[in-house]
Trainee: 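Have a look at this one.
Side chains are part of it too, since the values below use all heavy atoms of this structure and drop only hydrogens, waters and symmetry mates.
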Amino acid sequence: MKRIQVINKLIDAIRYYNETGKHRQVSFRYDPETRTDFNFKNWKHDRDADSVRNILPEEIIMSGEGNFYVVGFDNRYNLKQFTSQKDQHYRSYRLDRIQE
């Protein structure tokens, strides 16, 4: 999926959230700038950009450095049995790091 299509889906989901107060999930691939310090095997880091991120977006903000971020809840625990056990994390992703 092209980056612009993902951004359009994010904007539509944010608009929907602002109008209804309900979230819509958006999924995309993401290449993080930095990796965790934990000593994973190399293949884990090499494939990090292949993992799908799920977010319940609430807004797009600009940082002091001029980078745009989508902000919302990380939806790893999107199954009801997990959401009752684990709080969802508030997360942000840089729009220019979303994979095409």
Trainee: Could you measure the distance from the CZ atom of Arg53 to the CD atom of Gln25? Nearest 0.5 Å is fine.
Mentor: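 Answer rounded to 0.5 Å: 13.5 Å.
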
Trainee: Leu95, Ile11: one ILVMFWY side-chain cluster at the under-4.5 Å cut-off?
Mentor: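 Shared cluster, yes.
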
Trainee: Would you kindly say whether Glu58 and Tyr90 are connected by a side-chain donor-acceptor distance under 3.5 Å?
Mentor: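 Yes, a side-chain donor-acceptor pair sits under 3.5 Å.
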
Trainee: Would you call the rings of Tyr30 and Tyr93 parallel, tilted or perpendicular if under 30° counts as parallel and over 60° as perpendicular?
Mentor: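 Judged by the thresholds at 30° and 60°, the geometry between Tyr30 and Tyr93 is perpendicular.
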
Trainee: Any sub-3.5 Å donor-acceptor pair from Arg3's side-chain atoms to Ile98's backbone N or O?
Mentor: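 Confirmed, Arg3 side chain pairs with Ile98 backbone.
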
Trainee: Just how far is it from atom CG of Leu10 to atom CD1 of Ile55, taken to the nearest 0.5 Å?
Mentor: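 The distance works out to 7.0 Å.
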
Trainee: Under 3.5 Å, side chain of Glu19 to main-chain N/O of Tyr16, donor-acceptor pair present?
Mentor: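 Between the backbone of Tyr16 and the side chain of Glu19 there is no qualifying donor-acceptor contact (under 3.5 Å).
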
Trainee: Does the distance from a Lys or Arg side-chain N to an Asp or Glu carboxylate O, for Asp12 and Lys9, drop under 4.0 Å?
Mentor: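 Result for this pair is no, no salt bridge flagged.
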
Trainee: Measure from the side-chain N and O atoms of Asn18 to the backbone N and O of Ile14, and report whether any donor-acceptor pair falls under 3.5 Å.
Mentor: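 Present.
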
Trainee: Output the distance between atom OH (Tyr17) and atom NE2 (His23), rounded to the nearest 0.5 Å.
Mentor: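 Going from the OH atom of Tyr17 to the NE2 atom of His23 covers 4.5 Å.
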
Trainee: Heavy atoms, side chains only, cut-off 4.5 Å: are Gln99 and Phe28 in contact?
Mentor: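 Heavy-atom side-chain distance check fails, nothing below 4.5 Å.
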
Trainee: Hydrophobic clustering (ILVMFWY, side-chain heavy atoms < 4.5 Å, transitive) - are Ile60 and Met62 grouped together?
Mentor: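 Yes, Met62 and Ile60 fall within the same hydrophobic cluster.
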
